Amino acid sequence: MTATIYSFETGVYRPPSEGGSASLLVRFSRNCPWNRCTFCAMYKTKKFEPRPLHEIKADINAMAALANDLKSESFRLNHGGRITREAILSLLERAPGLEYHQGMDMLIQWLAAGGKTAFIQDGNSMIMKPQDLIEALIHLKNTFPSICRITTYARVRTIAQRSLENLKAIRAAGLDRVHLGLETGDSNLLKQIKKGVDAQDQIQGGQKAMAAGFQVSEYWMPGLGGKKMSNQHADGTARVLNAVNPHYIRSRPFRLIPGTPIQNQVQKGEIVLSTSREMLLELKRMISALEVTSKVCFDHMGNHWRTPKGDLVFTHDYEGYQFPDEKQTVLERIDMGLS
Ligand code: SF4
């Protein structure tokens with residue numbers, strides 16, 4: 001047996017919550033069509049490439065072939081379809097090239113976790129022609145009926161460009177959640193980081209995603225504006241989030257990544273980075289101004305602050321804190337961190 005029948009692509013990036021649920025990573029396009037944000041290194045050296053529908057479908061079919069053959073090996077060994085070590089080794093013996101397959105581990109983890117969730121890669125799946133995206137989603141769901149949640153990264157600008165009718169059709173085809181990079185709700189800071197949108201665009205795109213029926217997960221970056229823009233960053237971010245009231249608000253504290261344009265600005269002294277304590281104060285200011293019914297999450301190791309007792313200020317749980325009920329708890333935890 002040759003391993004080429006299992007040929008499919010897997011991209012590098014997915015949100016931590018998708019790792020937590022061991023999502024199937026299905027690559028609908030390569031890299032990021034915008035690729036200009038000054039803080040981001042994810043796809044910087046790579047060019048955006050759309051993938052034709054037939055190629056995406058072929059990837060899904062190859063994943064299905066691998067999943068089915070793993071299960072068949074398991075049944076052959078009387079392991080009842082469970083993905084055991086023996087079943088994996090047995091298939092590796094029959095298709096030796098498989099041990100170098102970049103997506104094999106991911107697929108095994110996904111099967112072992114029950115095959116329930118999928119994440120569509122890469123940086124902005126909404127850039128696809130709506131009809132192609134719909135067809136690819138339907139093919140994915142039909143091929144793997146066990147999948148009960150599909151999510152993806154998307155840009156608010158692209159969402160704003162799509163008609164509500166198209167967005168609803170994409171939602172109906174099976175896309176449940178969009179992960180949006182808000183970063184900040186302050187227009188000046190959005191311009192500085194070359195996000196390609198202003199605060200109003202962020203509000204309109206976020207609201208449109210909500211109106212289409214998606215679960216909306218917004219990511220913001222404490223510390224992104226450094227010392228000088230800290231207050232406006234916190235205030236603007238709360239303003240946008242209050243207007244959108246997304247399902248999830250996720251904190252991704254800024255960290256300087258070598259080779260990014262923002263690193264030059266910091267080296268030249270154009271941006272003076274906030275200290276860890278200043279970032280926590282900024283977080284307090286933003287959280288205090290939040291009037292939402294969202295889940296507020298700190299599900300990334302960058303939220304590293306600790307209380308005097310040594311425990312983490314925030315849980316890194318993917319479901320975070322339910323606002324407004326737990327807003328006071330979060331503010332009290334921040335004060336413990338500041339003390
Ligand atoms: S849109 Fe997202 S992936 Fe693309 S450059 Fe900006 S932060 Fe990076």
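Note that ligands are numbered from 1 as they come in the structure, with each ligand's atoms numbered from 1 the same way. Predicted, not measured: the structure shown is a model, and the values here were computed from it.
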Exercise. For the pair F298 and F314, name the ring-plane relationship: parallel under 30°, tilted 30 to 60°, perpendicular over 60°.
Key: parallel
Donor-acceptor contacts, no H, no angles, side chain residues 243-250, under 3.5 Å, sequence neighbours left out:
{"residue": "N245", "atom": "OD1", "partner": "T293", "partner atom": "N", "Å": "2.8"}
{"residue": "N245", "atom": "OD1", "partner": "T293", "partner atom": "OG1", "Å": "3.4"}
{"residue": "N245", "atom": "OD1", "partner": "S294", "partner atom": "OG", "Å": "3.4"}
{"residue": "N245", "atom": "ND2", "partner": "T293", "partner atom": "OG1", "Å": "3.0"}
{"residue": "H247", "atom": "ND1", "partner": "V216", "partner atom": "N", "Å": "3.0"}
{"residue": "Y248", "atom": "OH", "partner": "R177", "partner atom": "NH2", "Å": "3.4"}
{"residue": "Y248", "atom": "OH", "partner": "E319", "partner atom": "OE1", "Å": "2.8"}
{"residue": "Y248", "atom": "OH", "partner": "E319", "partner atom": "OE2", "Å": "3.2"}
{"residue": "R250", "atom": "NE", "partner": "S217", "partner atom": "OG", "Å": "2.8"}
{"residue": "R250", "atom": "NH1", "partner": "D299", "partner atom": "OD2", "Å": "2.8"}
{"residue": "R250", "atom": "NH1", "partner": "Y318", "partner atom": "O", "Å": "3.0"}

Quiz item: With a 4.0 Å cut-off on heavy atoms, does F39 reach ligand 1?
Solution: yes
Quiz item: Among protein heavy atoms, which sits nearest to atom 2 (Fe) of ligand 1, and what does the distance come to when rounded to 0.1 Å?
Solution: K195 NZ, 4.1 Å
Quiz item: Against heavy atoms of R36, which atoms of ligand 1 measure under 4.0 Å?
Solution: 5 (S)
Practice problem: Look up atom OG in S230 and atom CG in L281, then write down how far apart they are to the nearest 0.5 Å. | Solution: 8.0 Å
Exercise. Measure the CG-CD distance between L190 and Q192 for me, rounded to the nearest 0.5 Å.
Key: 10.0 Å
Exercise. Provide the full list of side-chain hydrogen bond (donor to acceptor under 3.5 Å, both in side chains) pairs with a residue in residues 320-329, sequence neighbours left out, each pair given once.
Key: none
Pair up each side-chain donor or acceptor in residues 258-269 with any protein partner under 3.5 Å, not counting sequence neighbours, and list the distances.
{"residue": "T260", "atom": "OG1", "partner": "I257", "partner atom": "O", "Å": "2.5"}
{"residue": "Q263", "atom": "OE1", "partner": "G259", "partner atom": "N", "Å": "3.0"}

Quiz item: Would D176 and Q215 count as having a side-chain donor-acceptor pair, cut-off 3.5 Å?
Solution: no
Exercise. Count up the protein N, O or S atoms sitting under 2.8 Å from atom 8 (Fe) of ligand 1, would you?
Key: 1
